[in-house]
S.K.: 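Let me begin by handing over the structure; questions about it come next.
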Amino acid sequence: MRIIGGKWTGSILWHLKDEPVRFNDLARMIGGASKKMITERLRQLESQGLVQRQVLDTAPVSVQYAITELGCTALGFLDELRKWSESLPKGVTVDV
């Protein structure tokens with residue numbers, strides 16, 4: 001839980017599961033999280049080897065993130081968590 005239990009961590013990994021995503025696109029996909037928070041989580045995930053950062057040679061310079069092979073191993077757990085949360089009765093909330 002220390003690795004993927006942080007706020008927004010699961011959402012970041014989930015949004016990177018299909019293809020690399022540029023930072024601003026990722027921020028739009030997540031919604032509700034500040035860019036500062038997303039940056040912090042991405043740095044943490046990168047240091048743990050779950051996400052790879054690539055600086056693109058564009059003008060202006062942009063950055064994209066991709067999930068690593070290790071990061072992909074968390075997707076099964078995250079998918080089960082998604083299914084579980086969708087199966088809860090309407091109105092039930094879980095505070096973590």
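Model, not experiment: these values are computed from the prediction.
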S.K.: Taking the basic N atoms (NZ, or NE/NH1/NH2) and the acidic carboxylate oxygens, is any pair closer than 4.0 Å for E86 and K83?
M.R.: no
S.K.: Report yes or no: does T68 contribute a side-chain atom to a donor-acceptor pair with the main-chain N or O of G49 at less than 3.5 Å?
M.R.: yes
S.K.: With side chain to side chain contact (heavy atoms under 4.5 Å, CB included) as the test, would you mind laying out the steps for F23 and K35 before giving the verdict?
M.R.: CA-CA 9 Å; F23 178 82; K35 288 186 177 184; 4.0 Å; yes
S.K.: Please tell me if the side chains of R28 and N24 come closer than 4.5 Å, counting only heavy atoms from C-beta onward.
M.R.: yes
S.K.: For the residue pair Y65 and L16, what are the closest heavy atoms and their distance?
M.R.: O-CD2, 3.4 Å
S.K.: Could you report the tightest heavy-atom contact between L75 and K17, atom names first, then the distance?
M.R.: CD1-CB, 3.6 Å
S.K.: For side chain to side chain contact (heavy atoms under 4.5 Å, CB included), just list the numbers for I12 and I67, CA-CA rounded to whole Å, side-chain angles, deciding distance to a tenth of an Å, and then say yes or no.
M.R.: CA-CA 9 Å; I12 290 170; I67 193 167; over 6 Å; no
S.K.: Could you report the tightest heavy-atom contact between I38 and A27, atom names first, then the distance?
M.R.: CD1-CA, 3.6 Å
S.K.: Is it the case that more than 12 heavy atoms not belonging to R43 sit under 6.0 Å from its CZ atom?
M.R.: no
S.K.: Below 4.5 Å, heavy atoms only, C-beta onward: do L42 and L26 meet side chain to side chain?
M.R.: yes
S.K.: Test salt bridge (Lys or Arg N to Asp or Glu O under 4.0 Å) on D25 and R22 and set out the steps.
M.R.: CA-CA 5 Å; D25 293 334; R22 291 181 181 209; 5.3 Å; no
S.K.: For the residue pair V21 and H15, establish whether any side-chain heavy-atom pair is separated by less than 4.5 Å.
M.R.: no
S.K.: Give me the atom names and distance for the closest heavy-atom approach of T58 to P60.
M.R.: OG1-O, 2.8 Å
S.K.: Can you find a pair of side-chain heavy atoms, one from V61 and one from L56, that are under 4.5 Å apart?
M.R.: no
S.K.: If you measure from CZ on R41 to CG on L50, what distance do you get to the nearest 0.5 Å?
M.R.: 12.5 Å
S.K.: Look at the side chain of R53 and the backbone N and O of E46, then say whether any donor-acceptor pair between them is shorter than 3.5 Å.
M.R.: no
S.K.: Can you find a heavy atom in the side chain of L45 that is under 4.5 Å from one in the side chain of T9?
M.R.: yes
S.K.: To the nearest 0.5 Å, what is the distance between CD (E40) and OG (S34)?
M.R.: 7.0 Å
